[in-house]
S.K.: 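Take a look at this one; I'll ask things after.
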Amino acid sequence: MSTNTTAPLATIASLSAYEGQVVTLRGWLYNLRSSGKLLFPTFRDGSGTIQGIVPKAAVPEDVFETLKSLTLESSLVVTGLVRADSRAPSGFELDVHDVTITQRIPDDTPYPIQLKEAGVDFLMEHRHLWIRTPRQSAILRVRATIMRAAAEYFDTHDFTRTDPPILTPNACEGTSELFEMDYFGDDKAYLTQSGQLYIEATALALGKVYSFGPTFRAEKSKTRRHLTEFWMIEPEVTYLDLDGLMDLAEGFLTHIVTRVLESHRNELKVIGKDISKLEAIIAPGHFPRLSYDEAHQMLLDAHAKGLIEHPHTYGDDFGSPDETYISNQFDKPVMVHRYPAAVKAFYMQPDPNDPTKALCVDVLAPEGYGEIIGGSQRVDSYDLLKSRIEAHNLPMDAFQWYLDLRKYGSVPHSGFGMGIERCVAWICGLEHVRETIPFARTLNRIYP
RNA sequence: UCCUGAGUAGCUCAAUGGCAGAGCAUUCGGCUGUUAACCGAAGGGUUGUAGGUUCGAGUCCUACCUCAGGAGCCA
């Protein structure tokens with residue numbers, strides 16, 4: 001065996017450009033079938049998979065013997081002729097000429113992940129290997145595009161990225177459970193649950209800003225929608241009202257879905273997502289906007305028809321079954337606005353037409369994926385904000401700097417936050433957010 | 001925190017209270033067009049842990065551990 005140095009290096013995803021040429025691929029043995037004196041090794045290289053063909057009579061004996069006994073997921077460099085074949089799923093096969101093994105996995109420690117089905121617990125314990133499978137790789141590629149498209153939307157709309165601290169001295173909203181840590185003895189520090197308060201400050205400095213980074217929630221939530229560590233992208237804009245905020249969210253989500261459809265139809269097919277559901281998102285027409293009162297009425301009607309189990313109580317937040325019902329009435333994400341102030345955060349501006357309501361919006365993803373965006377217009381009055389902080393029993397001294405923003409040149413401003421993982425789960429059509437991030441952190445799992 | 005469910009071979013799962021099983025993976029053998037290939041053979045077990053009931057427990061009872069799904073809360 002000798003590496004053919006004259007053959008050009010290629011990736012499996014780009015093989016259609018090399019039809020009829022001899023190329024070199026660098027990757028791993030994904031699967032191996034054989035039929036007597038004919039081997040069918042399937043290779044993967046991170047960009048895709050392709051089946052090789054190795055007739056015993058057509059290659060040197062050591063090449064045939066090496067591949068015949070090679071263990072799955074051993075790493076290798078393979079050289080061969082790219083040939084179109086109607087029997088191949090991708091349309092191409094590789095007539096293997098030569099192979100060099102980079103590392104052979106020993107027989108007594110076989111690769112643990114099989115091509116057949118496996119349980120969630122086992123796969124999560126082997127997440128560092130699970131991500132090698134085509135489906136998981138495809139999801140991570142879509143995730144990368146979603147993150148790039150999200151940042152790109154703000155970067156190309158005159159936003160400045162201003163990332164807030166991850167270590168904070170207090171709770172942002174004063175409600176969620178936070179991860180607490182010692183900060184040099186006398187002080188406690190907490191992992192951020194939102195950068196919002198900080199980007200309100202940078203917005204008042206720079207006008208249109210966004211942040212993009214990890215956030216942490218220590219709540220003992222154990223559902224398919226929850227991670228203890230997740231990524232959030234948050235825009236904050238001065239002189240923006242609630243209607244303008246909803247326009248921003250709509251343009252933002254439309255851009256993300258457009259980018260995914262532009263470059264990931266193959267990945268979506270591997271994942272099994274119904275692409276027509278995404279095409280409906282970017283079809284002409286606006287996202288539906290529904291007031292809390294209208295959504296409440298919709299739920300009462302649904303209960304009267306027996307479509308949902310429990311009647312919604314006016315004044316309460318919507319539960320998961322409620323959100324699922326509402327989102328299922330529309331093909332596009334639905335924006336529910338003006339919730340009762342009592343069930344929302346202290347920093348939300350009251351509706352001047354009905355002070356019991358907050359100028360806020362939740363964007364519910366289609367197909368029951370729940371809330372992917374939450375946002376609001378912020379309180380801009382010093383006195384009102386101060387009384388809200390008092391009413392919520394939040395430590396006033398920790399919020400002095402936040403109050404300063406209302407003391408020195410306060411302006412109306414609005415912003416929202418989108419959880420990347422819920423967005424990826426929705427766009428890919430996944431059962432659980434744990435597959436949307438390379439290494440999920442959940443209530444019962446911090447390994448690997 | 002509450003409710004529900006599951007722990008048996010490396011993996012996925014069977015097994016009326018009565019001999020611990022299969023498929024896949026691994027090893028060996030066969031097959032020149034296989035697509036999670038197929039055919040034959042071999043090796044592989046403290047049935048999550050600790051007690052209890054019983055002539056006899058993977059199976060029934062108690063406690064605990066681990067994981068999963070849901071509720072609440074959230075993105």
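Chain A is the first sequence line, chain B the second, and so forth, proteins listed ahead of strands; every chain is numbered from 1. Just so it is clear, the structure is predicted and the values come from calculations on it, not from any experiment.
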S.K.: Grab the CZ-C1' distance between Phe122(A) and rG48(B) for me, whole Å please.
M.R.: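 For the pair Phe122(A) CZ and rG48(B) C1', the rounded distance is 17 Å.
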S.K.: Does Glu371(A) offer a backbone N or O that forms a donor-acceptor pair with the side chain of Asp362(A) under 3.5 Å?
M.R.: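 No; zero donor-acceptor contacts below 3.5 Å.
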S.K.: Hey, does the side-chain of Ser221(A) have a donor or acceptor N/O within less than 3.5 Å of a partner on the base of rC74(B)?
M.R.: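 In this structure, the two groups form no donor-acceptor pair.
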S.K.: Round to a whole Å and report the spacing from CZ of Phe43(A) to P of rU34(B).
M.R.: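 Going from CZ in Phe43(A) over to P in rU34(B) covers 19 Å.
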S.K.: Base, sugar-phosphate, or nothing: which does Thr42(A) touch, judged by heavy atoms less than 4.0 Å apart?
M.R.: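 No contact.
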S.K.: Output the single nucleotide from rA75(B), rU35(B), rU1(B) whose closest atom is nearest the side chain of Lys220(A).
M.R.: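 Comparing rA75(B), rU35(B), rU1(B) against the side chain of Lys220(A), the answer is rU1(B).
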S.K.: Does a nitrogen or oxygen in the side chain of Arg422(A) sit under 4.0 Å from OP1 or OP2 of rC74(B)?
M.R.: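 Indeed not, no polar side-chain atom of Arg422(A) lies that close.
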S.K.: It should be established whether Arg434(A) places a side-chain nitrogen or oxygen under 4.0 Å from OP1 or OP2 of nucleotide rG69(B).
M.R.: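 For rG69(B), OP1 or OP2 has a side-chain N or O of Arg434(A) closer than 4.0 Å.
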S.K.: Is there, by distance only and without an angle test, a donor paired with an acceptor across the side chain of Thr223(A) and the base of rC74(B) below 3.5 Å?
M.R.: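 In this structure, the two groups form no donor-acceptor pair.
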S.K.: Aromatic contact between Phe346(A) and Phe399(A), with the criterion being ring centroids under 6.0 Å apart: yes or no?
M.R.: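 Yes, the ring centres sit under 6.0 Å apart.
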S.K.: Classify Gln51(A) by what it touches in the nucleic acid, base, sugar-phosphate, or nothing, heavy-atom distance under 4.0 Å.
M.R.: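 Base contact - Gln51(A) has a heavy atom under 4.0 Å of at least one base atom.
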S.K.: Mind checking which stems touch RNA chain B? I mean at least 3 consecutive Watson-Crick or G-U pairs, both distances under 3.5 Å.
M.R.: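 Stem segments, range with range: B:1-7 with B:65-71, B:10-13 with B:21-24, B:26-30 with B:38-42, B:48-52 with B:60-64.
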S.K.: For the pair made of NZ in Lys56(A) and P in rG30(B), what is the distance, rounded to whole Å?
M.R.: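 For the pair Lys56(A) NZ and rG30(B) P, the rounded distance is 11 Å.
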S.K.: Looking only at side-chain atoms of Ile53(A), point me to the closest of rU26(B), rG33(B), rA75(B).
M.R.: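 Ranking rU26(B), rG33(B), rA75(B) by closest atom to the Ile53(A) side chain puts rG33(B) first.
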S.K.: To the nearest angstrom, how far is Glu323(A) atom CD from rG70(B) atom P?
M.R.: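 So the CD-P distance, Glu323(A) to rG70(B), works out to 14 Å.
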S.K.: Within a radius of less than 6.0 Å around CG of Asp331(A), do more than 12 heavy atoms belonging to other residues, nucleotides or ligands occur?
M.R.: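 Check fails, neighbour count at 12 or below.
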S.K.: Reckon Asn444(A) has a side-chain N or O less than 4.0 Å from the OP1 or OP2 of rA68(B)?
M.R.: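 Yes, such a contact exists.
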S.K.: Side chain of Ser35(A), backbone of Leu38(A): donor and acceptor closer than 3.5 Å?
M.R.: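 No; zero donor-acceptor contacts below 3.5 Å.
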S.K.: So, does the side chain of Glu431(A) form a donor-acceptor pair with the base of rG69(B) at under 3.5 Å?
M.R.: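 Absent.
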S.K.: What is the ring orientation for Phe159(A) with Phe154(A), classed by angle as parallel under 30°, tilted 30 to 60°, or perpendicular over 60°?
M.R.: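 Tilted.
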S.K.: Does atom CZ of Arg26(A) have more than 12 heavy-atom neighbours from other groups under 6.0 Å away?
M.R.: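 Open.
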S.K.: Which nucleotide sits closest to the side chain of Arg445(A): rC67(B), rG33(B), rA71(B)?
M.R.: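 Closest nucleotide among those given: rC67(B).
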S.K.: Taking OP1 and OP2 of rA71(B), is either one under 4.0 Å from a side-chain nitrogen or oxygen of Arg225(A)?
M.R.: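 Result: yes.
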S.K.: Leu129(A) has an atom CG; how far is it from atom P of rC11(B), in whole Å?
M.R.: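 The answer, rounded to whole Å, is 14 Å.
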S.K.: Between Glu73(A) (CD) and rG10(B) (C1'), how many Å, whole number?
M.R.: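 Glu73(A) atom CD is separated from rG10(B) atom C1' by 16 Å.
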S.K.: Can you find a donor-acceptor N/O pair under 3.5 angstrom joining the side chain of Arg33(A) to the base of rC31(B)?
M.R.: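 Answer no: no donor N or O sits under 3.5 Å from an acceptor.
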S.K.: If you compare every side-chain N and O of His126(A) against the phosphate oxygens of rG10(B) (OP1, OP2), does one of them come in below 4.0 Å?
M.R.: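 No, no such contact exists.
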S.K.: Under 3.5 Å, is there any donor-acceptor pair linking the side chain of Gln114(A) to the base of rU12(B)?
M.R.: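 A donor-acceptor contact between them is absent.
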S.K.: Look at the aromatic rings of His128(A) and Tyr447(A) and report parallel, tilted or perpendicular, splitting at 30° and 60°.
M.R.: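 Geometry flag for Tyr447(A) against His128(A): perpendicular rings.
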S.K.: Looking across every strand, which nucleic acid part, if any, lies under 4.0 Å from Glu125(A) by heavy atom: base, sugar-phosphate, or nothing?
M.R.: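 Counting heavy atoms under 4.0 Å across all strands, no contact is made by Glu125(A).
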S.K.: Looking at the side chain of Arg87(A), which of rC73(B), rG33(B), rA75(B) is the nearest nucleotide?
M.R.: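 In terms of side-chain proximity for Arg87(A), the closest of rC73(B), rG33(B), rA75(B) is rG33(B).
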S.K.: Please give, in whole Å, the distance from rG69(B) C1' to Asp121(A) CG?
M.R.: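 About 14 Å, once rounded to whole Å.
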S.K.: May I ask whether Phe230(A) stacks on the base of rA75(B), given the cut-offs of 5.5 Å between ring centres and 30° between planes?
M.R.: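 The ring of Phe230(A) is stacked on rA75(B).
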S.K.: Under 4.0 Å, heavy atoms only, any strand: does Lys222(A) hit a base, just the sugar-phosphate, or nothing?
M.R.: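 Here Lys222(A) touches the bases of the nucleic acid.
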S.K.: Check the distance between rG70(B)'s C1' and Arg224(A)'s CZ and give it to me in whole angstrom.
M.R.: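 After rounding, the reported distance stands at 9 Å.
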